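From a predicted model like this one, the values you see are computed outputs, not experimental measurements.
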Amino acid sequence: SFGGALSMSLALRHPRLAKGLVIINSFPHLGNRLQLRVAPLLIRAVPWAAMPLVRRLTEHRLHSAHVLPEDLKEFRSRMRNIRRDGYVRRLEILADYDLRDSLDRLAGPTLFLAGTDDRLSPSADWAEYMGDRVPDSEVRLLPGYGHCCLINQDQHLVEIVGEWWQRARPQPPSIAG
């Protein structure tokens, strides 16, 4: 989601750098600006030793039933490496983030993937919204998947993206001879 926000921002600033985009469970804008401005203050106030508990209590908003227990364990382990300043900086960036008026300028093929059971953000709605505005785009909804749809045992996203890229990529000009 945040990676999609960064990727779209980069593609708008430097269109020649992106030959195509795959945007997963992302958004062009986050609505509650007050929450985004208060959240960094709260994160700074919470004792950092309490973050594993906070993450555990909120992780139900990220995952779906498609996540294996061993993958969830690895996810938790990797999350321990994210530091407070990373959380804070991400929220500060998102407080002013709004690409809604720029989506029509995204160049190159774009695939929007979104889990229909995302409990962190309305990803499916945002994917449809962005797909309606981005030229040369396609939307693929992932029924029953949550926000962290990259972590699953039965959805082969590499195949989905590969098939899309075969259809979407610009073809080199043919040389008649």
> Going through the checks in order, is the side-chain contact (heavy atoms from CB on, under 4.5 Å) test met by Leu157 and Leu142?
Replying inline: CA-CA 10 Å; Leu157 294 179; Leu142 307 171; 3.9 Å; yes
> Does the side-chain contact (heavy atoms from CB on, under 4.5 Å) test come out yes or no for Ser26 and Phe112, once each step is laid out?
Replying inline: CA-CA 8 Å; Ser26 197; Phe112 294 102; over 6 Å; no
> Stepwise, does the side-chain contact (heavy atoms from CB on, under 4.5 Å) test hold for Trp164 with Val22?
Replying inline: CA-CA 10 Å; Trp164 164 78; Val22 177; 3.7 Å; yes
> How far apart are the C-alpha atoms of Tyr145 and Thr116, what are their side-chain angles, what is the distance that settles it, and do they pass the side-chain contact (heavy atoms from CB on, under 4.5 Å) test?
Replying inline: CA-CA 6 Å; Tyr145 286 84; Thr116 60; over 6 Å; no
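For Arg83, the CZ atom sits in a loose shell: 12 or fewer heavy atoms of surrounding residues, nucleotides or ligands are nearer than 6.0 Å. Enclosure of atom CZ in Arg119 by more than 12 non-hydrogen atoms of other residues, nucleotides or ligands within 6.0 angstrom is indicated. More than 12 heavy atoms of other residues, nucleotides or ligands lie within 6.0 Å of CG in Asp104, so this atom counts as buried by the packing criterion.
Taking every heavy atom of both residues into account, Ala127 and Val139 meet most closely at O-CG2, 3.3 Å. Considering every non-hydrogen atom in both His29 and Gly31, the closest pair reads NE2-CA, 3.5 Å. In this structure, Ala18 and Ala11 approach most closely via the heavy-atom pair CB-CB, 4.0 Å. Smallest separation of non-hydrogen atoms from Asn25 and Gly115: OD1-N, 2.8 Å. Nearest heavy-atom pair, Gly20 versus Trp165, reported as atom, atom and distance to 0.1 Å: CA-CZ3, 4.0 Å.
Cluster annotation: Trp126 is connected to Phe2 through the hydrophobic network of ILVMFWY side chains, with a link wherever side-chain heavy atoms come within less than 4.5 Å. In terms of hydrophobic clustering, with Ile, Leu, Val, Met, Phe, Trp and Tyr side chains grouped at heavy-atom distances under 4.5 Å, Leu36 and Val54 are assigned to a common cluster. Side-chain heavy atoms closer than 4.5 Å link hydrophobic residues (I, L, V, M, F, W, Y) into clusters, and following such links, even through other members, never connects Val88 to Leu42. Linking Ile, Leu, Val, Met, Phe, Trp and Tyr residues whenever their side-chain heavy atoms come within less than 4.5 Å leaves Leu106 and Leu10 in two separate clusters.
The list of side-chain hydrogen bond (donor to acceptor under 3.5 Å, both in side chains) pairs with a residue in residues 45-57, not counting sequence neighbours, reads Arg55-Tyr87. Here salt bridge (charged side-chain N to carboxylate O under 4.0 Å, His left out) pairs that include residues 86-96, with residues two or more places apart or in two chains, are Arg37-Asp96, Arg44-Glu92, Arg89-Glu92.
Under the 3.5 Å distance criterion, with hydrogens and angles disregarded, a donor-acceptor pair is assigned to the side chains of His147 and Ser1.
Taken from CZ in Phe27 to CG in Leu120, the straight-line distance is 8.5 Å, to the nearest 0.5 Å. A distance of 10.0 Å separates CG in Leu21 from CG in Leu111, rounded to the nearest 0.5 Å. The CG atom of Leu103 sits 7.5 Å away from the CG atom of Leu12 when rounded to the nearest 0.5 Å. Rounding to the nearest 0.5 angstrom, the gap separating the CD1 atom in Ile82 from the CZ atom in Arg78 is 10.5 Å. Within the model, atoms CG of Leu72 and OG of Ser77 stand 11.5 Å from one another, a figure rounded to the nearest 0.5 Å. Taking CG of Asp118 as the start and CG of Leu141 as the end, the distance is 11.5 Å to the nearest 0.5 Å.
For Arg167 and Glu163, the salt-bridge test fails: no basic side-chain N is under 4.0 Å from an acidic carboxylate O.
Other members of a hydrophobic cluster containing Val158 are absent, since no ILVMFWY side chain comes under 4.5 Å of it, directly or through relayed contacts.
Put simply, the side chain of Asp98 reaches to within 4.5 Å of the side chain of Arg33, judged on heavy atoms. Looking at Arg80 and Met51, their side chains never come closer than 4.5 Å, going by heavy atoms from C-beta outward. Side-chain atoms of Leu113 and Ile160, non-hydrogen and from C-beta on, do get closer than 4.5 Å to each other.
Side-chain atoms of Arg84 come within 3.5 Å of backbone N or O of Val46 as a donor-acceptor pair. For Ser137 (side chain) and Val134 (main-chain N/O), a donor-acceptor pair under 3.5 Å exists by modelled atom type. At distances below 3.5 Å, not a single donor-acceptor pair connects side-chain atoms of Asp136 with backbone N or O atoms of Ala107.
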